[in-house]
Structure formats: structure tokens, C-alpha cells
Peer 1: 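Quick one: structure below, then a few questions.
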Protein chains: 2
Amino acid sequence: MTKTQGVRKRANGVESRQRILDAAARISGERGYEGTSIAAVSAACGLPASSIYWHFKDKDDLIAAVIERSFDTWLASVILPPEETGTGLERITTMAAGVAKSLMDAPDFLRLGLMLALERRPAEPRGRTVFLQVRDTARARIAEVLPELFPALDDNAVQTLTTYTMAGADGLFVQREITGDTIDLVPLFELHAQLVYEAARRMTDRSP
Amino acid sequence: MTKTQGVRKRANGVESRQRILDAAARISGERGYEGTSIAAVSAACGLPASSIYWHFKDKDDLIAAVIERSFDTWLASVILPPEETGTGLERITTMAAGVAKSLMDAPDFLRLGLMLALERRPAEPRGRTVFLQVRDTARARIAEVLPELFPALDDNAVQTLTTYTMAGADGLFVQREITGDTIDLVPLFELHAQLVYEAARRMTDRSP
DNA sequence: TTCCAATTAGAGTGATCACTACATGAAGCC
DNA sequence: GGCTTCATGTAGTGATCACTCTAATTGGAA
């Protein structure tokens with residue numbers, strides 16, 4: 001029996017799960033955890049609430065799944081180009097531009113993540129934990145890149161610069177969310193990369 | 001028939017309003033707009049819901065009042081020390097340290113503000129609008145400071161550096177919120193000030 | 001005293017929340 | 001056909017939401 005693309009949609013768990021996640025990602029990316037109601041997700045994806053609860057244990061599980069799905073996509077952008085592609089400055093500038101592009105393509109992930117991260121509720125949502133893990137992985141990537149470009153950097157300086165690099169990325173993203181979609185993050189991220197690069201260079205000069 | 005203006009502590013009106021705002025600031029700073037329920041504020045301040053609605057028109061009005069109250073306090077920290085206190089770098093480093101201290105003293109304001117700013121709900125809360133106005137004022141302050149220290153900077157560079165300065169402040173604040181209260185923002189803000197200073201200096205060197 | 005207005009207390013409104021019980025339907029396998 | 005599993009549909013559950021109504025209390029003014 002061939003799969004007819006007919007009007008009558010037959011029960012399709014995988015596709016329904018994706019539709020639920022799409023709707024939940026959009027709504028939670030716009031309104032945060034508390035602002036995302038199951039009824040709204042249900043209306044947006046066209047499936048009843050009971051279907052959502054068949055695919056996901058509870059609301060917490062749904063939000064966590066939203067974060068997890070964007071996980072790999074986003075982390076793939078945090079990569080330093082190989083050595084033969086250019087100078088150190090060129091490489092981290094390209095890396096920064098790549099992160100900027102991925103953030104502009106799919107801002108819901110970081111927007112929801114930052115909202116979850118800023119909240120301090122008594123029972124921490126699992127989505128927040130997952131987001132912080134992704135963040136730590138991204139942070140570790142940067143902490144590996146810096147000594148590769150500046151072997152003379154001591155560990156303390158690497159930690160400080162890593163923190164500063166992450167902060168700049170978050171802050172520039174927030175800036176775009178506030179000011180509007182017209183702002184292009186790429187040149188700002190490139191500037192950020194250059195400033196971090198210069199700072200690292202000066203730090204190595206100081207402690208030979 | 002002249003309504004005497006000198007109203008004493010007629011009842012606990014003024015004090016009650018402050019208690020409500022204190023409770024609302026703490027709760028909304030921890031859980032955001034949707035996460036702040038009138039019942040929770042009522043329990044935290046010891047006054048019934050009807051009293052909250054006597055002092056404030058609705059929830060939106062309450063949250064906006066929370067933002068407005070922190071307004072002046074916070075803006076007062078965004079000030080460049082006078083010229084005779086040191087070199088340009090020293091002055092903006094001191095300014096950055098002051099902002100860092102004020103953010104660590106009262107993080108609820110910026111945490112709530114950033115949560116409001118990131119949200120994109122159909123009906124924008126008034127608190128969000130107020131927060132963005134405060135932000136614009138702070139931004140204007142920075143945009144005035146930069147040409148004072150670097151008269152040769154063109155307007156485009158000033159705008160870019162201002163955006164980058166704000167972004168760094170936001171991002172470092174977020175970093176502290178995520179990593180925990182043990183992190184000291186002051187040295188990170190000072191580093192940020194130095195990097196912006198160096199960037200501005202190099203920009204003026206490039207276009208004399 | 002009496003009156004008035006500023007607050008507060010308490011009870012209650014309908015709406016919406018996350019979540020569930022249960023029946024129904026569709027496909028695969030025999 | 002019958003049986004099972006996957007998935008959806010219907011119709012709720014009690015709890016909590018923002019908000020309101022009205023009566024009580026309070027202190028100052030007349």
C-alpha cells in the first residue's frame with residue numbers, strides 16, 4: 001500500500017510531533033515559559049491537547065524538547081575554521097560571523113533560552129538546565145579556540161576572555177531583539193571578534 | 001472647601017504602596033511578567049489583592065510602576081566622572097565599575113527589564129515600553145560620552161561603539177545571572193571599558 | 001459628636017490554567 | 001474478520017488566574 005498524499009491525514013506520530021514542536025518553539029520563543037499555554041500550542045498546531053500530552057509528558061517536557069531540538073543546529077555554528085583558511089584574526093572573525101548568522105536565522109532558540117536562564121523560579125524547568133548545558137558546551141569550544149590562537153595565554157586569561165566573548169554574543173543578540181530585525185548582527189559580531197582578538201594579543205604581550 | 005494638601009500618614013497608604021512594590025519587584029524580578037501572580041504579591045506583602053488593586057489599576061500598571069521606581073536609581077549610576085579626576089581611560093573605567101556595582105546591588109531591575117524586552121507578546125506590557133525608554137536614555141548618555149573622549153570619532157563609529165558598549169553590559173549581566181552571584185562584575189566591566197576605549201582609539205587613528 | 005474619604009478585609013466572579021479519563025479511529029499483522 | 005498499537009477526539013477535572021463587589025475600619029475635619 002502506497003502512502004497516498006491524500007486530504008485525509010492518517011495518524012502520523014512523527015509529523016505531529018514536529019508540528020507540535022514547531023508551534024511550541026514559536027510561541028515559547030515569543031512569550032517565555034509561563035506565557036506558553038498548552039491551549040495556545042494546541043490551537044497553533046491544530047492538534048488537541050490530549051495529543052500533545054501523548055507525545056510529551058508535561059509542559060516542562062515539551063519546553064525541554066523545544067530546546068533540545070535546536071541544540072545541534074545551533075552548536076554546529078560555533079566552529080573555528082581550519083588553520084589553512086587564513087590568519088587567526090580572519091578565522092575567528094569568520095567564526096563570529098557564522099554564529100551571528102545562525103542567531104539571525106533561528107532567534108527563537110536563544111530568545112527562549114535567555115528568558116529561561118534569567119528566570120529564577122523555585123522549581124527550575126528542565127529546559128533551563130538543558131539550555132545551560134548547551135551553553136557550557138559552546139563555552140568550552142571557545143575556551144579551546146583561544147589557546148589554539150594564543151598559546152601564551154594563561155588559563156586565567158582564557159577564562160576571562162571566554163566569559164567576555166560569550167557575554168558579547170548574548171548582549172549583541174539582546175540588542176537586536178530590542179532594536180528590531182533590521183539590525184545586521186554580522187558586522188557587530190565581527191567587531192566583537194576583533195576586539196577580543198586584540199585583547200588576547202595584548203594579554204600575551206604583557207606576559208611573555 | 002480647600003482640600004488640605006498636607007496629608008499625613010492618614011493610613012498606611014504610602015507605606016503600603018512601597019511594600020507592594022517591594023514584593024512585586026522581587027517576585028517579577030525572579031519570575032517575569034507572566035510568572036508574577038497578584039496572589040503571590042499579596043502573600044509576600046501581607047496585603048489583600050483588593051489593596052493592590054486600590055493602589056494600582058491592574059497588573060500591567062503594577063509591573064510598570066516597579067520598573068519606574070528603579071528608573072532614577074539605576075540611571076544615576078550611568079555617569080562619566082569629571083575631567084579632572086583622571087585620564088579618559090580611567091574615567092570610563094570608573095564609570096563602568098559604577099554601573100557594575102549598581103547592577104550587582106539591584107539586579108532585579110535589569111533582570112525583569114531584559115525578560116520584558118525579550119518577550120514578544122501581542123499586547124506589549126507598559127513596563128516593557130518604560131524599560132526601553134530608560135535604556136534609550138542610558139544609551140544617549142554613552143553616545144554623549146564617547147565624542148567627549150574621542151572628538152575625532154565620526155557619528156557612525158559612535159553609534160556602533162555605543163551599541164557594542166550596551167551589549168557588553170547586558171551580556172556580562174546575563175553571564176552573572178547564569179553563572180551565579182559569586183562572579184564579580186566590576187573587573188569584567190572594567191575590561192569591557194578598556195576594550196571599548198582601545199577600539200575607539202584605533203578607530204580615530206584610522207581616520208584622522 | 002458626626003461625617004467623609006482613605007484604606008483594608010473578605011468573599012466571590014468567570015476565565016483560563018495544566019492535565020486526565022476514556023472512547024474512537026486508523027494502520028499493521030495474523 | 002479479529003487483535004494490537006499508535007494516535008486523535010471529546011469532555012471534563014480541580015486549581016489558579018486577574019479582577020471586582022461590598023462592607024468594615026480608620027483618622028482627620030467640621
Side-chain angles (χ1 to χ4, degrees), chain A residues 1-24 27-28 31-66 119 121-127, chain B residues 1-24 27-28 31-66 119 121-127:
Chain A
M1 178 173 177
T2 56
K3 291 183 185 176
T4 52
Q5 197 80 340
V7 188
R8 196 92 162 125
K9 55 176 182 182
R10 65 175 231 221
N12 187 345
V14 179
E15 185 198 321
S16 291
R17 193 188 148 96
Q18 292 305 313
R19 272 170 52 203
I20 295 170
L21 281 176
D22 287 340
I27 295 176
S28 63
R31 311 192 189 187
Y33 187 94
E34 295 278 355
T36 301
S37 74
I38 300 296
V41 175
S42 167
C45 72
L47 288 167
S50 55
S51 285
I52 299 178
Y53 280 97
W54 191 89
H55 288 279
F56 303 96
K57 177 174 158 285
D58 53 18
K59 180 176 166 178
D60 204 51
D61 190 40
L62 172 61
I63 300 292
V66 167
E119 283 179 18
R121 54 186 58 249
E124 168 165 327
R126 198 160 65 84
Chain B
M1 57 183 61
T2 56
K3 292 186 177 178
T4 50
Q5 204 79 356
V7 181
R8 307 268 173 200
K9 43 176 180 179
R10 196 158 179 78
N12 309 352
V14 178
E15 187 200 321
S16 291
R17 194 189 147 96
Q18 293 305 314
R19 271 170 53 202
I20 294 169
L21 282 175
D22 288 341
I27 295 176
S28 63
R31 304 151 86 136
Y33 187 94
E34 295 279 355
T36 303
S37 74
I38 300 297
V41 175
S42 167
C45 72
L47 288 166
S50 55
S51 285
I52 299 178
Y53 282 97
W54 191 91
H55 288 280
F56 304 95
K57 177 173 159 285
D58 53 18
K59 180 176 166 176
D60 204 51
D61 190 40
L62 172 62
I63 300 292
V66 167
E119 284 179 16
R121 54 189 52 247
E124 168 167 325
R126 199 160 64 85

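Labels below follow one simple rule: chain letters A, B, ... track the order of the sequence lines, proteins then strands, and each chain is numbered from 1.
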Peer 1: Write down the atom of B:V66, the atom of B:S28, and the distance for their closest heavy-atom approach.
Peer 2: CG1-OG, 4.2 Å
Peer 1: So B:P125 and B:E34, do their side chains get closer than 4.5 Å, heavy atoms only?
Peer 2: no
Peer 1: With the threshold set at under 4.0 Å for non-hydrogen atoms, list the residues of residues 56-66 of chain A touching DNA chain D in residue-number order.
Peer 2: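 Heavy-atom cutoff 4.0 Å gives no residues at all.
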Peer 1: Look up atom CD in B:Q18 and atom CD1 in B:I20, then write down how far apart they are to the nearest 0.5 Å.
Peer 2: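 Going from the CD atom of B:Q18 to the CD1 atom of B:I20 covers 9.5 Å.
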Peer 1: At a cut-off of 3.5 Å, list every protein nitrogen or oxygen paired with a nitrogen or oxygen from nucleotides 10-12 of chain C, distance to 0.1 Å.
Peer 2:
from   : atom 1 : to    : atom 2 : distance (Å)
C:dG10 : O6     : B:S50 : OG     : 3.0

Peer 1: Find the distance B:I52:CD1 to C:dA9:P and express it as a whole number of Å.
Peer 2: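 Whole-Å distance recorded here is 11 Å.
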Peer 1: What residues in residues 37-44 of chain A put a non-hydrogen atom under 4.0 Å from any atom of DNA chain D?
Peer 2: none
Peer 1: Between C1' on C:dC19 and CG on A:L47, what's the gap in Å once rounded to a whole number?
Peer 2: 17 Å
Peer 1: Given atom CZ of B:R121 and atom P of D:dA18, what is their separation to the nearest angstrom?
Peer 2: 12 Å
Peer 1: May I have all residue pairs that pass side chain to side chain donor-acceptor pair (under 3.5 Å) and include part of residues 52-62 of chain A, sequence neighbours excluded?
Peer 2: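 Applying side chain to side chain donor-acceptor pair (under 3.5 Å) to every pair that reaches into residues 52-62 of chain A, excluding sequence neighbours, yields A:Y33-A:D60, A:D61-A:R126.
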Peer 1: For the CG atom of A:L62 and the CD1 atom of A:I52, what is their distance to the nearest 0.5 Å?
Peer 2: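 Taking CG in A:L62 and CD1 in A:I52, the distance rounds to 7.0 Å.
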Peer 1: Would you mind reading off the distance between B:R31 atom CZ and D:dT16 atom P, rounded to a whole angstrom?
Peer 2: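 Nearest whole value for this atom pair: 12 Å.
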Peer 1: Do any side-chain atoms of residues 37-50 of chain B form donor-acceptor pairs under 3.5 angstrom with protein atoms, and if so which ones, sequence neighbours left out?
Peer 2:
from  : atom 1 : to    : atom 2 : distance (Å)
B:S37 : OG     : B:A40 : N      : 3.0
B:S42 : OG     : B:L47 : O      : 2.6

Peer 1: Can a side chain N or O of B:H55 be found less than 4.0 Å away from OP1 or OP2 on C:dA6?
Peer 2: no
Peer 1: In whole Å, what is the span from the CD atom of A:E15 to the C1' atom of D:dA7?
Peer 2: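 Those two atoms, CD and C1', are 13 Å apart.
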Peer 1: Less than 4.0 angstrom between a side-chain N/O of A:Y53 and OP1 or OP2 of C:dT20, yes or no?
Peer 2: no
Peer 1: Atom CD of A:E34 and atom C1' of D:dT16: how far apart are they, to the nearest Å?
Peer 2: 11 Å
Peer 1: Enumerate the residue pairs fulfilling salt bridge (Lys or Arg N to Asp or Glu O under 4.0 Å) with a member in residues 42-51 of chain A, sequence neighbours excluded, ordered by first and then second residue.
Peer 2: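 For residues 42-51 of chain A, and leaving out neighbouring residues, there are no salt bridge (Lys or Arg N to Asp or Glu O under 4.0 Å) pairs at all.
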Peer 1: Could you give the CG-to-P distance, from B:N12 to C:dT7, as a whole number of Å?
Peer 2: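 Taking atom P of C:dT7 as the reference, CG of B:N12 is at 9 Å.
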